[in-house]
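To start, the structure under review is shown below, and the notes come after it.
Sequence positions, counted from 1, serve as the residue numbers for this chain. FYI, side chains are in, hydrogens and waters are out, and symmetry mates aren't considered; it's all heavy atoms of this structure.
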Amino acid sequence: MASQYYQEMQESFKNNNKSREFPAHTAKVHSVAWSCDGRRLASGSFDKTASVFVLEKDRLVKENNYRGHGDSVDQLCWHPTNPDLFVTASGDKTIRIWDVRTTKCIATVNTKGENINICWSPDGQTIAVGNKDDVVTFIDAKTHRSKAEEQFKFEVNEISWNNDNDMFFLTNGNGCINILSYPELKPIQSINAHPSNCICIKFDPMGKYFATGSADALVSLWDVDELVCVRCFSRLDWPVRTLSFSHDGKMLASASEDHFIDIAEVETGEKLWEVQCDSPTFTVAWHPKRPLLAYACDDKEGKYDNNREAGTVKLFGLPNDS
């Protein structure tokens, strides 16, 4: 018997299953993220820039393009409680903090290597950045100085704090989730989560679960308190690159090189919807208040069709009549 939530969301998506593309960059988009109030969406691209859009009713209106990085912007994230600040991680061995009110870079922090992963602590005080050499640097968000640096002996993929800010999680190339105490950074546990490379990790806004995506094409859902796997989602056939929980924690979007984004009901694992794509998806992000999903795909496959610009940001969940 399908849950009431399942039926409500099915009904909702039947009337709101339109996706729309918005030109954002001149090359592929690696990362999309919403500000905490849901007013803005930021995107980071291979073209070395970040773009910020304002969400107006059913469209994204480009507000600004942020230049300064000397290499690809691989990941970005917003301050957890301040909707005006976001931070970008780049292969140019820096991270940059930007303020949308002044549209300026308020800090450039030099780091040791080419940065690929970044996250902001839930209390807003620390930014963690991971590089290609498996070093994670913890940067004080106020002084912009490095507080700690950890070199790991394994391939570090995505990094994240838990919602309580007292543990730090890393997914690694051996299929493990490594958990450290925070701020001490002492190893607490290593969980063998997947038989192959564990790629991405996301915590649900309610603090009940976290999810990991792996090269084995599985998404696994974990109980935060018990650290046990509750269920697996197995509808994708390719390595899972990106995950996002909806604002109420009840839906989980996952994507890969499959030409669709899977939207699952968290409590049952059932498929709620799938969003059709023309190419592999790099990044997905649910809006913090509404069932709107921002995502970006590898638009390069349209190179024989000149109407398709590379570097678009897409929005799913718009009314069919919009």
Side-chain angles (χ1 to χ4, degrees), residues 25 27-33 42-51 66 68-78 86-98 105 107-121 126-139 141 144 146 148-161 168-178 180 185 193-194 196-203 211-215 238-244 254-257 280-285 295-298 311:
H25 295 276
K28 58 188 165 194
V29 177
H30 288 302
S31 181
V32 292
S43 57
S45 165
F46 187 72
D47 71 5
K48 308 176 188 176
T49 71
S51 284
Y66 292 78
H69 278 299
D71 201 347
S72 172
V73 177
D74 280 334
Q75 206 174 29
L76 52 78
C77 63
W78 291 83
F86 71 98
V87 61
T88 49
S90 169
D92 67 6
K93 302 187 178 182
T94 68
I95 68 164
R96 285 174 176 253
I97 303 172
W98 310 86
C105 173
T108 302
V109 183
N110 292 303
T111 57
K112 289 239 167 105
E114 296 178 36
N115 299 313
I116 46 177
N117 281 309
I118 196 158
C119 60
W120 209 311
S121 63
T126 313
I127 295 165
V129 56
N131 71 24
K132 283 185 179 167
D133 305 316
D134 310 314
V135 174
V136 177
T137 307
F138 294 85
I139 294 157
H144 311 137
S146 168
E149 202 172 77
E150 289 283 314
Q151 168 76 60
F152 293 94
K153 293 186 175 68
F154 45 76
E155 178 190 324
V156 174
N157 291 319
E158 220 163 38
I159 50 179
S160 179
W161 274 271
F168 191 76
F169 287 64
L170 310 98
T171 57
N172 81 26
N174 311 326
C176 294
I177 304 163
N178 292 83
L180 309 176
L185 301 176
H194 292 271
S196 55
N197 195 341
C198 194
I199 299 170
C200 45
I201 183 167
K202 277 288 182 304
F203 281 77
T212 55
S214 162
W238 290 85
V240 182
R241 289 185 182 172
T242 177
L243 298 165
S244 180
S254 50
S256 64
E257 288 179 47
T281 302
F282 292 123
T283 175
V284 294
Y295 62 104
C297 302
D298 185 353

Just how far is it from atom CD of E158 to atom NZ of K202, taken to the nearest 0.5 Å? 4.0 Å

Atom pair CD1/CD1 of I118 and I159 - distance to nearest 0.5 Å: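 Interatomic distance, I118 CD1 to I159 CD1, rounded to 0.5 Å: 7.5 Å.
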
Should [X] and [Y] count as side-chain neighbours, where that means a heavy-atom distance under 4.5 Å?
X	Y	result
S51	H25	yes
T171	C200	no
Q151	D134	yes
F203	S160	yes
F152	L170	yes

Does [X] reach the main-chain N or O of [Y] with its side chain, forming a donor-acceptor pair under 3.5 Å?
X	Y	answer
T281	C297	no
N115	T94	yes
S31	L76	yes
D74	A89	no

How close do [X] and [Y] get, heavy atom to heavy atom, and via which atoms?
X	Y	result
V284	L243	CG2-C, 3.8 Å
H69	S90	ND1-CB, 3.2 Å
A285	S244	CA-OG, 3.5 Å
I199	A215	CD1-N, 3.7 Å

Taking the six-membered ring for Trp, are F86 and W98 parallel (under 30°), tilted (30 to 60°) or perpendicular (over 60°)?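 Because their plane-to-plane angle is under 30°, the rings of F86 and W98 count as parallel.
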
Could you check whether atom CZ of F46 has more than 12 heavy atoms from other residues, nucleotides or ligands sitting under 6.0 Å from it?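 No, because the 6.0 Å sphere around CZ of F46 holds 12 heavy atoms or fewer from other groups.
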
Please assess S43 against V32 for the test side chain to side chain contact (heavy atoms under 4.5 Å, CB included), listing each intermediate value before the final yes or no. CA-CA 4 Å; S43 57; V32 292; 4.0 Å; yes

List the steps, then state whether side chain to side chain contact (heavy atoms under 4.5 Å, CB included) holds for K112 with N131. CA-CA 8 Å; K112 289 239 167 105; N131 71 24; 4.3 Å; yes

